[in-house]
**Q** 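Would you mind keeping the following structure in view while I ask a few things?
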Amino acid sequence: MPSKSSARLAALTVAAVCSAASTIVLTSPAHADSVAIHDIQGATRISPYAGKAVTDVSGIVTGIRTYGSSRGFWIQDPNADADPATSEGVFVFTSSTPKGVAVGDLVTVSGTVSEFVPAGAASGNQSITEITKPTFTVVSSGNAVPAAKVIGAKSVPAAYAPAGDSAANNSVNGLILQPSKYALDYYESLEGENVQVADARVTGATDPYTELWVTVKPRENANRRGGTVYGSYDSQNTGRIQIQSLGATSTFPKANVGDVLTGATSGPLDYNQFGGYTLVANTIGTLKSAGVARETTEKQKKGELAVATYNVENLDPSDNTFAEHAAAIVHNLQSPDIVSLEEIQDNNGATNDGTVAADQTVQKLIDAIVAAGGPAYDWRSIDPANGTDGGEPGGNIRQVFLFNPERVSFTDRAGGDATTAVGVTKEKGKAALTVSPGRIDPANTAWANSRKPLVGEFVFRGRTVFVIANHFNSKGGDYGLTSQYQPVPRSSETQRHLQATAVNTFVKDVLATQKNADVIALGDINDFEFSDTAKILETDGALWSAIKSLPKSERYSYVYQGNAQVLDQILVSPSIRKSCDFEYDSVHVNSEFNDQISDHDPQVLRFQP
């Protein structure tokens with residue numbers, strides 16, 4: 001996920017990022033006569049007055065932001081024009097806390113029109129039209145704030161965004177807005193205006209930065225727990241909108257997915273780098289809990305092997321979440337026989353001193369599991385070379401196998417280390433690993449600054465099961481769904497596709513040696529079940545993503561920007577898919593809750609080898 005740090009562009013005289021290669025910088029702003037706000041906003045995303053000085057722009061103050069790096073106030077012209085593409089609101093950037101102005105003041109503002117791109121042009125974000133370096137005069141006070149425009153199911157179009165201009169790197173910046181046809185154009189036509197949502201269902205729980213997501217389209221790809229499912233690249237869910245507050249963070253509602261903000265939530269419509277269009281609320285509706293509870297999976301039967309994957313989000317010995325993670329594993333996951341853990345950090349976490357061992361981290365979790373009434377798990381892993389596997393600097397995250405020695409045994413084969421590649425051999429007519437645990441092709445550039453897959457050989461009731469624990473390259477660096485570039489480029493896929501190819505090749509080596517071998521590849525794949533990454537893993541039928549055995553509305557392990565989506569997967573070889581009965585469960589214990597201990601939901605597969 002993106003970092004929450006942000007900085008304004010160094011030069012507020014940047015007029016606009018009209019394409020990937022054009023930025024206009026004015027050292028001495030041109031002058032424009034007095035204009036209305038809708039003239040400044042224009043009918044495209046870029047102001048026709050960008051870089052120009054404007055005088056006596058009239059509007060009523062609708063909101064004041066006194067915190068963060070983007071301080072200032074919004075003004076709105078109560079006398080709208082007849083063009084639905086032109087917004088009547090605009091942000092006045094003061095840089096410091098605005099003084100001498102209050103909501104309801106009628107003001108005239110002079111300054112320079114600028115296009116500010118949150119997180120900078122390289123982010124791919126759209127820009128916000130602003131008046132910068134302002135001077136203003138309060139003409140009168142106590143005026144009625146322009147009535148909030150209601151954003152609702154009928155007003156937001158079903159289509160998400162137009163295709164961008166191919167001559168401008170697929171940017172939509174220069175296109176005339178069509179607010180009745182495209183959702184992103186509709187929201188852009190309201191940029192800076194006072195808007196409202198009513199009785200809106202929460203689709204993204206409140207996060208530590210006091211943000212949440214709601215939908216104004218309650219039937220749009222809904223699941224039974226109140227979320228909105230992201231099921232394809234063409235189904236971005238147009239009803240989603242982010243909610244922040246202009247008030248105290250202490251009063252911001254702590255919402256879970258499925259809860260409802262009853263009544264009206266209203267305020268100016270902003271755009272930020274962490275989700276795009278955002279209602280910055282002066283008034284927030286009353287939170288009504290839906291009572292969504294954490295799920296518990298079924299206990300595996302005596303003859304069933306239960307295999308799980310769980311991203312424990314940078315767990316290190318200094319964390320205070322061990323007891324909660326243990327309770328989730330013991331009670332919600334019903335103590336699986338094998339657990340693939342992702343994001344186990346080394347013994348001193350983010351301290352960057354060359355430490356790579358994680359035995360203290362793992363033992364602390366095992367002890368907590370025993371204290372919670374679970375089994376005394378054994379474990380296997382391979383320490384990475386220092387600083388080579390990505391993640392938080394100094395943390396040396398890796399995958400770890402936990403296994404219950406009362407139910408399953410691990411076949412140890414010496415020689416596995418950070419740089420030795422595991423191979424496949426044949427013993428007594430069946431596939432076997434050359435090292436166990438081992439790492440798949442660790443010298444392959446596919447794994448540069450990324451976690452190398454951990455593979456182990458397990459035995460359950462006399463049958464060997466090969467388990468591959470994965471943590472693929474993250475989506476960091478990808479443009480957001482509200483990017484100015486449409487369709488949205490996904491640059492991070494390149495490395496994941498190489499990684500998927502390497503894992504698929506290894507699995508096919510196992511199956512070429514033993515056609516009916518039981519192979520499970522699982523973990524944080526960092527991509528969707530419908531993605532090309534998943535398709536590459538599934539190439540030639542070597543694997544199949546078992547989450548696809550669930551109804552589409554149940555396929556999610558992660559909630560991002562109000563979209564419930566798949567990142568964590570368990571893929572199985574043909575012998576498991578076709579010859580055995582199996583059950584798959586995405587156990588929702590984290591992603592939908594504001595007090596989550598990880599941002600991922602664990603996944604469990606139960607089958608009879």
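This structure is a prediction, so every number in the text was calculated from the model and none was measured.
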**Q** Would you kindly say whether Asn590 and Asp601 are connected by a side-chain donor-acceptor distance under 3.5 Å?
**A**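 Distance-only check fails for Asn590 and Asp601.
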**Q** With Val307, which residues qualify under side-chain contact (heavy atoms from CB on, under 4.5 Å), at least two apart?
**A**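 Leu305, Ile338, Ile520, Leu522, Phe607.
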**Q** What distance do Ile369 atom CD1 and Asn404 atom CG have between them, rounded to the nearest 0.5 Å?
**A**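 Between Ile369 CD1 and Asn404 CG, I get 10.0 Å after rounding to 0.5 Å.
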**Q** Please determine if Arg225 and Glu295 form a salt bridge, counting it only when a charged side-chain N lies under 4.0 Å from a carboxylate O.
**A**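 Salt bridge flag = yes for Glu295 with Arg225.
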**Q** Where does the angle between the aromatic ring planes of Phe528 and Tyr233 fall among parallel (under 30°), tilted (30 to 60°) and perpendicular (over 60°)?
**A**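 Phe528 vs Tyr233 ring planes: perpendicular.
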**Q** Let me have the donor-acceptor pairs involving side chains of residues 383-393, under 3.5 Å, with sequence neighbours excluded, atom names and distances please.
**A**
unit_1 : atom_1 : unit_2 : atom_2 : d
Asp383 : OD1    : Arg398 : NH1    : 2.9
Asn386 : OD1    : Asn396 : ND2    : 3.0
Thr388 : OG1    : Ala385 : O      : 2.7
Asp389 : OD1    : Lys452 : NZ     : 2.8
Asp389 : OD2    : Arg439 : NH2    : 2.6
Glu392 : OE1    : Gln345 : NE2    : 2.8

**Q** With the threshold set at 4.0 Å, does a side-chain nitrogen-carboxylate oxygen contact exist between Glu457 and Arg463?
**A**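 Salt bridge: no.
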**Q** Could you check whether Lys552 pairs with Glu529 (Lys NZ or Arg NE/NH1/NH2 to Asp/Glu carboxylate O, under 4.0 Å)?
**A**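 Salt bridge absent between Lys552 and Glu529.
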**Q** I'd like to check the side-chain hydrogen bond (donor to acceptor under 3.5 Å, both in side chains) partners of Asp378; sequence neighbours left out, ordered by chain and number.
**A**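 For Asp378, the residues satisfying side-chain hydrogen bond (donor to acceptor under 3.5 Å, both in side chains) (neighbours in sequence not counted) are Arg380.
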**Q** Given the side-chain rings of His588 and Phe593, with only the six-membered ring counted for Trp, is the space between their centroids under 6.0 Å?
**A**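 Between Phe593 and His588, which both carry aromatic rings, the centre distance is not below 6.0 Å.
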**Q** Heavy atoms, side chains only, cut-off 4.5 Å: are Asn563 and Trp213 in contact?
**A**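 No; the side chains remain at least 4.5 Å from each other.
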**Q** As a test of understanding, state which of Val459, Asp518, Val519 forms a side-chain contact (heavy atoms from CB on, under 4.5 Å) with Val465.
**A**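 Running side-chain contact (heavy atoms from CB on, under 4.5 Å) over Val459, Asp518, Val519 with Val465 returns exactly one hit, Asp518.
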**Q** Looking at CG of Asn348 and OG1 of Thr355, how far apart are the two atoms once the value is rounded to the nearest 0.5 Å?
**A**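 Nearest 0.5 Å value for the CG-OG1 distance: 4.0 Å.
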**Q** Could you check whether atom CD of Glu406 has more than 12 heavy atoms from other residues, nucleotides or ligands sitting under 6.0 Å from it?
**A**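 Incorrect, the count does not exceed 12.
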**Q** Could you tell me how the ring of Phe410 sits relative to the ring of Phe401: parallel (under 30°), tilted (30 to 60°) or perpendicular (over 60°)?
**A**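 Tilted.
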**Q** Can you name the residues that form a side-chain hydrogen bond (donor to acceptor under 3.5 Å, both in side chains) with Arg496, not counting sequence neighbours?
**A**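 Per chain and number, Arg496 pairs via side-chain hydrogen bond (donor to acceptor under 3.5 Å, both in side chains) with Ser492, Asp527.
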**Q** Residues in side-chain contact (heavy atoms from CB on, under 4.5 Å) with Ala414, at least two apart?
**A**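 Ala414 satisfies side-chain contact (heavy atoms from CB on, under 4.5 Å) with no residue once adjacent residues are dropped.
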**Q** Are Asp207 and Lys254 within salt-bridge range, i.e. N to O under 4.0 Å?
**A**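 Between Lys254 and Asp207 there is no salt bridge, as every charged N stays at least 4.0 Å from the carboxylate O atoms.
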**Q** Would Glu538 and Lys535 pass as an ion pair if we require N to O under 4.0 Å?
**A**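 So Glu538 does not pair with Lys535 through a salt bridge.
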**Q** Return the OG1 to CG distance between Thr533 and Asn526, rounded to the nearest 0.5 Å.
**A**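 Going from OG1 on Thr533 over to CG on Asn526, the span is 9.0 Å.
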**Q** Can you pull out every salt bridge (Lys or Arg N to Asp or Glu O under 4.0 Å) where at least one residue sits in residues 307-329? Sequence neighbours excluded, please.
**A**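 The answer is none; no pair qualifies.
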